[in-house]
Amino acid sequence: MLSSRTYRPWMGYLVALLAGALTTLTFAPFEWWWIGPFAVALTFYGLHDLTPGQAALRGWSYGVGLFGAGTSWIYVSIHDYGYTGVPLAVFLTALFVVTLALFYGVVFGVYRRFTSPRWSVITFAGVWVLGEALRTWAFSGFPWLLLGSAHVESPLAPWAPIGGVYLLSLIVALSGTLLVALLRRRLWALVPLIAMWGLPLVLPAQWTSPQGDPKQVALLQGNLPQLSKWSPEGQRKAANTYAKLTRDQDDDTDLIVWPETALPMFAAQARPVLERVQATLPPDTALLTGIVQRDAQGDYYNAIIGMGNSQGSYRKEHLVPFGEYLPLEGLLRGIIAFFDLPMSSFTAGASDQAPIQAAGMQLGSAICYEIIYADLVAQRARSADVLLTVSNDTWFGDSIGPLQHLQMAQLRALENGRYVLRATSNGVTAIIDAQGHITQRAPRFETASISGEVQPMQGMTLFTRTGSWPTWGLALLLLIPGLRWQRRG
């Protein structure tokens with residue numbers, strides 16, 4: 001067996017790079033969730049034999065492998081839809097990957113500098129989760145490919161309503177360090193391993209309960225070409241496509257949902273189109289659509305508005321940097337075509353928006369990217385009985401990005417014990433039940449609609465009540481025993 005002290009640093013960098021790439025296989029569309037603990041073990045093995053600088057480089061190598069393989073869809077967005085040539089698109093994608101990987105590099109380096117090996121089995125798992133928390137919020141945040149997001153369908157799934165995605169990450173990371181302990185013939189590691197993976201068998205299957213009668217919903221997917229969508233012809237085609245899809249729905253449909261910016265025009269321009277469509281529907285039917293709003297001050301909002309049997313609207317709170325707003329706009333605007341995408345100067349909505357009321361349901365909304373923020377969605381779920389997300393994943397083409405996005409929407413359903421309605425422009429449009437399972441799904445890259453029953457739910461999971469703070473606190477407690485308080489090592 002290879003000793004960690006003969007495990008040369010350069011070997012560790014290559015293994016960490018491989019482990020990061022392998023971690024991508026734990027997420028959709030592959031869903032080989034069982035790889036997660038082994039990837040952590042490969043990265044953790046021999047870490048305390050390195051200097052802080054070497055540990056930082058190992059962590060950065062893991063991050064390059066993870067984001068290089070797992071967010072390769074960024075290239076599609078920049079090149080295919082950002083009007084950027086191949087060399088520059090490759091450079092920007094690589095810059096994105098190596099920059100994000102710095103989160104792992106900094107966390108690993110700081111961890112090695114300030115901890116001892118004595119409690120490393122638990123301290124490394126703790127710092128892993130704290131690193132994910134940092135990545136969630138620093139510089140507007142990017143909680144994509146969190147380790148726990150892979151476990152919607154794994155034996156660990158029942159932990160999600162208790163502590164959410166970060167508790168799942170903590171368990172997977174701790175499983176990895178315990179595997180290393182077993183490799184070193186420390187048989188006591190079997191006890192916590194068996195407990196963490198066995199306890200879900202006796203945890204509650206459902207934390208929330210049905211409220212009222214099920215509702216019949218229809219989610220529409222126009223599959224319109226992104227590059228011509230905002231042209232006059234594209235606007236006419238969008239209006240005709242969604243009007244026809246709506247007319248084709250059954251009369252007993254309670255709610256019809258169009259995706260993010262389904263009509264490529266401002267809400268004031270779209271109002272006549274929506275009113276004509278609404279006039280063809282039964283009076284009790286609600287129609288919701290993603291739309292761009294412009295207020296009297298000239299500010300733009302990425303929003304959801306309703307017609308018919310609905311009240312209220314929603315304006316997107318958490319905007320996507322470079323896509324919906326441009327950091328350092330005065331310096332970057334005009335330099336590269338990608339920085340001048342249409343509708344890239346949005347204003348953020350308020351954080352205390354009330355749920356949309358539609359067809360007798362209270363809908364907690366999240367537009368596109370917002371669904372990946374577990375605590376933001378939990379906040380919405382506290383006052384809602386169904387969750388709604390609309391998205392335009394056309395930007396990512398035929399890549400794994402939209403499938404990863406769907407998987408995270410499934411986890412939000414499981415965490416909060418709420419159905420999730422997900423309407424997208426070209427896939428993946430889906431109805432997700434309160435346990436994170438997909439009940440209806442439209443094919444990608446087709447003009448389609450899906451319909452099915454949605455059950456409003458009442459009550460809250462533990463995660464909905466508390467959010468991620470208890471898990472972050474637990475991660476910090478696990479880290480504290482291994483901290484060096486006086487001497488350097």
Side-chain angles (χ1 to χ4, degrees), residues 208 210-221 242-243 245-263 267 270-271 273-293 301-317 349-350 352-368 370-371 377 379-391 409 412-413 416-424 429-434 439-440 449-458:
T208 55
Q211 175 174 271
D213 297 326
K215 304 293 183 178
Q216 192 71 24
V217 303
L219 310 180
L220 311 188
Q221 179 176 291
Y242 283 104
L245 287 172
T246 302
R247 287 195 300 269
D248 290 343
Q249 302 309 309
D250 295 335
D251 289 341
D252 64 349
T253 303
D254 298 300
L255 172 64
I256 298 173
V257 182
W258 297 3
E260 180 184 16
T261 58
L263 296 181
R271 182 67 60 176
V273 176
L274 293 170
E275 288 176 348
R276 286 196 297 270
V277 172
Q278 180 61 35
T280 67
L281 298 174
D284 291 336
T285 300
L287 170 63
L288 298 178
T289 182
I291 200 75
V292 177
Q293 285 186 324
Y301 297 91
N302 192 350
I304 300 172
I305 62 173
M307 303 291 293
N309 185 16
S310 69
Q311 292 182 348
S313 62
Y314 173 72
R315 291 175 170 176
K316 188 175 183 182
E317 175 189 350
D352 58 350
Q353 300 175 68
I356 295 175
Q357 300 177 42
M361 295 181 285
Q362 305 286 324
L363 299 173
S365 301
I367 297 179
C368 192
E370 289 183 308
I371 198 68
V377 176
Q379 177 188 352
R380 307 283 160 75
R382 289 168 198 150
S383 55
D385 47 36
V386 173
L387 296 172
L388 167 69
T389 180
V390 297
S391 185
R412 300 293 89 84
N416 296 287
R418 298 285 190 274
Y419 275 70
V420 170
L421 307 179
R422 186 172 195 264
T424 71
T429 296
I431 298 174
I432 306 166
D433 71 16
T439 62
Q440 298 287 335
S449 65
I450 59 172
S451 60
E453 284 192 346
V454 169
Q455 175 62 63
M457 305 295 287
Q458 63 183 346

Of all heavy-atom pairs linking L220 and W258, the shortest is CD1-NE1, 3.1 Å
Can you tell me if R380 uses its side chain to pair, donor with acceptor, with the backbone of S365 under 3.5 Å? yes
Criterion side chain to side chain contact (heavy atoms under 4.5 Å, CB included) on L363 and I304, from CA distance to verdict: CA-CA 11 Å; L363 299 173; I304 300 172; over 6 Å; no
When V420 is tested against each of D433, L387, L388 for side-chain contact (heavy atoms from CB on, under 4.5 Å), which residue passes? L387
For residues Y419 and K215, determine if any side-chain heavy atom of one lies less than 4.5 Å from a side-chain heavy atom of the other. no
For T253 and D250, the nearest pair of non-hydrogen atoms, with its separation, is OG1-O, 2.9 Å
What are the two closest heavy atoms between P355 and Q362, and how far apart are they? CB-OE1, 4.0 Å
When rounded to the nearest 0.5 Å, the distance separating CG of D252 from OG of S451 is 8.5 Å
Polar side-chain atom of Q455 near backbone of G212 as donor-acceptor pair, under 3.5 Å: yes
Which heavy-atom pair separates E260 from V390 by the least distance, and what is that distance? N-CB, 3.5 Å
Taking C-beta and beyond as the side chain, do V386 and V217 meet within less than 4.5 Å on heavy atoms? no
Give a yes or no on whether the backbone of M361 and the side-chain of D385 come within a donor-acceptor separation of less than 3.5 Å. no
Which atom names give the shortest non-hydrogen contact between I432 and A413, and what distance separates them? CG2-CB, 3.7 Å
Enclosure of D251 CG (heavy-atom neighbours >12, cutoff 6.0 Å): no
Value for CD1 (I450) from CG (L219), rounded to nearest 0.5 Å, stands at 4.5 Å
What are the two closest heavy atoms between N416 and T208, and how far apart are they? O-CG2, 3.9 Å
For the atom pair OG (S449) and CD1 (I256), what is the distance rounded to the nearest 0.5 Å? 9.0 Å
Contact check, side chains of Q293 and I305, non-hydrogen atoms, under 4.5 Å: yes
Give, for atom CD1 of I431 and atom CZ of R422, the distance between the pair rounded to the nearest 0.5 Å. 13.0 Å
Do the side chain of R418 and the main chain of A384 share a donor and acceptor less than 3.5 angstrom apart? yes
Measuring only between side-chain heavy atoms, which start at C-beta, is L263 closer than 4.5 Å to L274? yes
Are any side-chain N or O atoms of T429 and backbone N or O atoms of T424, one a donor and one an acceptor, separated by less than 3.5 Å? yes
Ignoring hydrogens and angles, tell me if any N or O in the side chain of Q353 forms a donor-acceptor pair with the backbone of R315 under 3.5 Å. yes
Heavy-atom check, side chain of L288 versus side chain of S310, under 4.5 Å: yes
Out of curiosity, D284 CG to N309 CG, how far, rounded to the nearest 0.5 Å? 6.0 Å
The reported gap from CE in M307 to CD in Q278 (rounded to nearest 0.5 angstrom) is 6.0 Å
Is there a side-chain contact between Y242 and P259 in this structure, where contact means two heavy atoms from C-beta onward sitting under 4.5 Å apart? yes
Is the backbone N or O of Q216 less than 3.5 Å from a side-chain atom of D254, with the two atoms forming a donor-acceptor pair by type? yes
